[in-house]
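Quantities reported herein were computed from a predicted structural model and do not represent experimental measurements.
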Amino acid sequence: NEDIPKPQAAMQEILCRRVEDLSSSCAVDDLLPLSIALFKTPGIRDLGHSGPYMHNGQFDSLEAILMQYFRFSAKAREGSMRNAPPEFLGMAFRQDEIPNIVKFLQSLNEDYE
């Protein structure tokens, strides 16, 4: 993402250090294969204990996240969302289902007491 160059530069530096052959190129296209499976996407177990949520911490509750997905998936299905992810087109749940989804997600929390 050219709009956010600092994280990309840091990532490029980290990946470049992984290159074993010092004469190899550290160009972005050459480094991409080194990034495959380097990062693990977090699962949903213990999700209720890991707020704030989203990549920038903008949501404090699971309910708020689900409302965001509820609104955006509805916009995607009605065609009013620019560049909607294909996953949003198939995502459909009713607003009254949100409390049950939250309860399910919270049931995946570990009991540390």
What's the separation between atom [atom1] in [X] and atom [atom2] in [Y], rounded to the nearest 0.5 Å?
X     : Y     : atom1 : atom2 : value
Asp30 : Leu15 : CG    : CG    : 11.5 Å
Ser73 : Met81 : OG    : CE    : 8.5 Å
Gln58 : Ile65 : CD    : CD1   : 9.0 Å

Can you see which heavy atom on [X] is nearest to which on [Y], and at what distance?
X      : Y     : value
Arg71  : Gln68 : NH2-OE1, 3.1 Å
Pro52  : Gly57 : CB-O, 3.5 Å
Asn109 : Gly48 : OD1-N, 3.0 Å

Are the side chain of [X] and the backbone N or O of [Y] linked by a donor-acceptor pair below 3.5 Å?
X     : Y     : value
Glu78 : Lys75 : no
Tyr53 : Leu47 : yes
Gln12 : Cys26 : yes

Fill in: From CA spacing to verdict: side-chain contact (heavy atoms from CB on, under 4.5 Å), His49, Asp46
CA-CA 6 Å; His49 293 141; Asp46 245 1; 2.9 Å; yes
Starting from [Y], can I reach [X] by hopping between I/L/V/M/F/W/Y residues whose side chains sit under 4.5 Å apart?
X      : Y     : value
Met67  : Phe93 : yes
Ile44  : Tyr69 : yes
Leu108 : Ile98 : yes

Worksheet item: Can you tell me if CZ on Phe70 sees more than 12 non-hydrogen neighbours from other groups inside 6.0 Å?
Response: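 Buried by this count: over 12 neighbours within 6.0 Å.
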Discussion item. For Arg45, is the CZ atom crowded, meaning more than 12 foreign heavy atoms sit under 6.0 Å from it?
Written reply: no
Worksheet entry | Test side-chain contact (heavy atoms from CB on, under 4.5 Å) applied to Phe88 and Arg77, step by step | CA-CA 7 Å; Phe88 279 20; Arg77 288 190 311 279; over 6 Å; no
